[in-house]
A.B. asks: 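Take this structure first; my questions come after.
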Amino acid sequence: MGEHPRQDLLDRFARGRLSLAETRAVLAHLVGGCEVCRAATAATWEVAPAADPSAGTASAVDVADRAADRAYDQVIDRVFWQIQQKDVALQREAAQAREIYDELHRHPIAHQLLLIGNSPRFRSRSLCELLLAKCHEAGFQDPRQAIDLGHLAVGVADRLPADDTPSEIVGGIQARAWAQLGNALRIGGDHAAAGQAFDSATALLDLDPRILPLDRARVLDQLGSLRRDQGRHGEAFRLLDQVIAFYRKLGQWHLLGRALAQKAMVCDEVGDVETEMVLLRQALDLLDPQADPRMFLAARHNLVLALSQSGRHREAFALMYHTRPLYLETGDRLNLVRLRWLEGSVAAGLGQLDRAEMAFREVRDALADLGLAYDAALAGLDLAGVYAAQGRRADTRRVAEEIRVIFQSLSIHREALAAILVFHQAAMQDEAEAQLIDDVARFLKRCRHNPDLRYLRRS
Amino acid sequence: MSALDHPEVEVPLEQLLERVRPRLKSLFARYRIPPQDTEDILQQALLALVYQRPNIRDPEAWLFGTLRNRCLIYWRDRRRRLYDSVDTVVLDWMAAPTPPEQEGADLARDLTRVVDRLPDRCRSLLKLRYGLGYEPPELAKHLGYSQTSISKVTTRCLAALLRQLTVAGLYKKGS
């Protein structure tokens, strides 16, 4: 069998770092069945212990020996110093980006795009990050502005200079910029353009396998929202499961909560209320209400609705009662209208039809006042449902006529109008039952973001 | 785990780095990454952290999740190199035995003995590869694998062979 190979040779063998001649010698020795060398290589072979390394501390784990400990310290010192220098530079760059953004923002959008195209001063990674954050925020308030900001972010991301920024960071921000633009286009209702933007984002992810999981998760998360709106629920579930796995692996609990809440929305779309409630409860346990009060409130709101839909009206009422302060804290009028709408739905579920009627009327008027005609018509449908339950046929006919006028004045797609006309016709013939009204209302909510949906009247 | 139990507090980078130092050493030791190889892994992970910090909710959890992933990639890369070398060496042994006759015969016999301890699927594949000199496309065709998966299957069989030579051998003495 010959002499045993030295330990360092066995270590390098396990790491694939020997020359072919050395590999040949070690392999010949091992093939011969040397138990001593098997024992020696066993330690180097087991690389991923079953126990979670993060659970231990240095005192709990045997760091091989003091010499190795010192060697680790030397490396760590060196890296820490370089990283701290980099962090200072990046903070400086972020401060500059805020100034550049203010300067850019003073110009009309066409001029902003021109500046980004022509002046290298505007091509900074920090500016791109800032634009992405602004684009995300604008998505909740002003979809048109969100699309402009998305185009700007893509313009900056695609022109980032080849400096010392690692390529996976650049690839990641480019993919996120395209995805953020796609998300803004989705919110604006342009699914075709959104799909193209996401094609660019996913092509960038495919191009560079080193792009970081957090960037990948963000892109897939937003793509999941598009697939949900498109009614491609299977794909939406698959994408969100990937996102959930990424966040879980990275210990990003708040983001995991967000992804679970997103998945719950897909469950709502497919009518799986039980799973929706399970996911929302998990999400609420993980979401950080201080850091993201809007998301926390949205998850609570959806849970109240799901409870109400599944007939658990008392639970819905209790949760709504405890959630009321959050609506009041957010303070904006639209959120207060949403709360009132929820109160109407829960009251209707509890059979308190007078309260429900009052709430739905207030909501309908407030939404019309805010210029949200589509939502006002939806609240009108809920009101018609209350009238139908009370047998107030004349009131149902009056509301049906109001809704028909609103929808015909809006440039909405054919199927939505068809659903409204089915309801209108039934109301005029005094045949509008609560079930039909509920079906039409649910369809109108879903088809708002998905013009490809077809309305099929339940037989 | 509840976010409410772990309120997010922005920790200065310097403080964060000193706090994670003991866990870093522990992690690298557990994954058996030698100090000289940790520099790249740690630098890449920390660079990504400072670049992505505004988007990261819990930097410490993120850092260790990322490092564990990079340690696994480190080993995957090294194992791939090792499998390539072993494949080349064994093919050389079988194709052109340069050692003296007796030594070559011993090696072939020992190798066959080790291969015989492997599961059927790997035994067939390695015997075709090293006994009859089949190339990957021929292996795929003969064993009914697709051309795209044969390289993965071969890698798994080489991994099984090496485990037999090292760790597994300790527990299967005389088998």
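Protein chains get the first letters and strands the later ones, always in sequence-line order, with residue 1 at the start of each. The figures here come from the full heavy-atom set of this structure, side chains too, leaving out hydrogens, waters and symmetry mates.
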A.B. asks: Using a cut-off of under 4.5 Å on heavy-atom pairs, state which of A:Gln82, A:Lys249, A:Gln74 scores highest against chain B.
C.D. replies: A:Gln82
A.B. asks: Name all residues meeting the side chain to side chain contact (heavy atoms under 4.5 Å, CB included) criterion together with A:Arg216; count only those two or more places apart in sequence or in a different chain, and write none if there are none.
C.D. replies: A:Leu205, A:Ile211, A:Phe246
A.B. asks: For B:Leu47 versus A:Pro166, what's the shortest heavy-atom pair and its separation?
C.D. replies: CD1-CG, 4.0 Å
A.B. asks: Taking it one step at a time, do B:Arg57 and A:Asp292 satisfy salt bridge (charged side-chain N to carboxylate O under 4.0 Å, His left out)?
C.D. replies: CA-CA 11 Å; B:Arg57 294 275 316 148; A:Asp292 197 350; over 6 Å; no
A.B. asks: Can you say whether A:Leu212 sits under 4.5 Å from chain B via the side chain, the backbone, both, or neither, judging by heavy atoms?
C.D. replies: side chain
A.B. asks: Counting distance only, does the side-chain N/O of A:Arg24 pair as donor-acceptor with the main-chain N or O of B:Val86 below 3.5 Å?
C.D. replies: no
A.B. asks: Evaluate the side-chain proximity of B:Ser85 to A:Leu18: yes if any heavy-atom separation is below 4.5 Å, no if none is.
C.D. replies: no
A.B. asks: Between A:Arg218 and chain B, with a heavy-atom cut-off of 4.5 Å, which part of the residue counts as in contact: side chain, backbone, both or neither?
C.D. replies: neither
A.B. asks: Less than 4.5 Å to any heavy atom of chain B: does that hold for the side chain of A:Thr165, its backbone, both, or neither?
C.D. replies: both
A.B. asks: What's the spacing between B:Arg53 CZ and A:Leu90 CG if we round to 0.5 Å?
C.D. replies: 11.5 Å
A.B. asks: Can you sort out the partners of A:Asp215 under side-chain hydrogen bond (donor to acceptor under 3.5 Å, both in side chains), two or more places apart, ordered by chain and number?
C.D. replies: A:Arg176, B:Gln52
A.B. asks: Just give me the residue among B:Arg81, B:Glu39, B:Gln36, B:Glu60 that pairs up with chain A most often, heavy atom to heavy atom, under 4.5 Å.
C.D. replies: B:Glu39
A.B. asks: Using a 6.0 Å cut-off, check whether atom CD of B:Glu14 has over 12 heavy atoms from anything other than its own residue.
C.D. replies: no
A.B. asks: Measuring from atom CD of B:Gln43 to atom CZ of A:Arg78, what distance do you get when rounded to the nearest 0.5 angstrom?
C.D. replies: 9.5 Å
A.B. asks: So what's closer than 4.5 Å to chain A heavy atoms on B:Asp37: side chain, backbone, both or neither?
C.D. replies: side chain
A.B. asks: Which atom pair, heavy atoms only, marks the closest approach of B:Pro35 to A:Ala68?
C.D. replies: CG-O, 4.1 Å
A.B. asks: Is chain A contacted by the side chain of B:Arg76, its backbone, both, or neither, given a heavy-atom distance below 4.5 Å?
C.D. replies: neither
A.B. asks: Quick check on B:Pro54 against chain A: is it the side chain, the backbone, both or neither that has a heavy atom closer than 4.5 Å?
C.D. replies: neither
A.B. asks: Going from CD1 on B:Ile73 to CZ on A:Arg210, what distance comes out if it is rounded to the nearest 0.5 angstrom?
C.D. replies: 11.0 Å
A.B. asks: Please name all residues satisfying side chain to side chain contact (heavy atoms under 4.5 Å, CB included) with B:Arg21, sequence neighbours left out, ordered by chain then number.
C.D. replies: A:Asp73, A:Ile76, A:Asp77, A:Phe80, B:Glu18, B:Lys25
A.B. asks: With side chains defined as the heavy atoms from C-beta onward, is the minimum distance between B:Asp58 and A:Gln252 less than 4.5 Å?
C.D. replies: yes
A.B. asks: Looking at chain B, which one of A:Leu255, A:Ile173, A:Leu30, A:Val79 has the largest number of heavy-atom pairs inside 4.5 Å, strictly under?
C.D. replies: A:Val79
A.B. asks: Contact part of A:Gln91 toward chain B, heavy-atom cut-off under 4.5 Å: side chain, backbone, both or neither?
C.D. replies: neither
A.B. asks: Would a 4.5 Å heavy-atom cut-off, applied to side chains only, mark B:Asn55 and A:Glu129 as touching?
C.D. replies: yes
A.B. asks: What part of A:Ile169 gets within 4.5 angstrom of chain B, counting heavy atoms only: side chain, backbone, both, or neither?
C.D. replies: side chain
A.B. asks: Rounded at 0.5 Å granularity, tell me how far CZ in B:Arg78 sits from CZ in A:Arg17.
C.D. replies: 4.5 Å
A.B. asks: Anything in residues 135-147 of chain B with a heavy-atom distance to chain A below 4.5 Å? Please list those residues in order.
C.D. replies: none
A.B. asks: Between B:Ile33 and A:Tyr72, which heavy-atom pair has the shortest distance, and what is it?
C.D. replies: O-OH, 2.5 Å
A.B. asks: As an exercise, state the distance from CD1 of B:Ile56 to CG of A:Leu250, rounded to the nearest 0.5 Å.
C.D. replies: 8.5 Å
A.B. asks: Looking at B:Trp62, B:Tyr51, B:Tyr74, which has the largest count of heavy-atom pairs under 4.5 Å with chain A?
C.D. replies: B:Tyr51
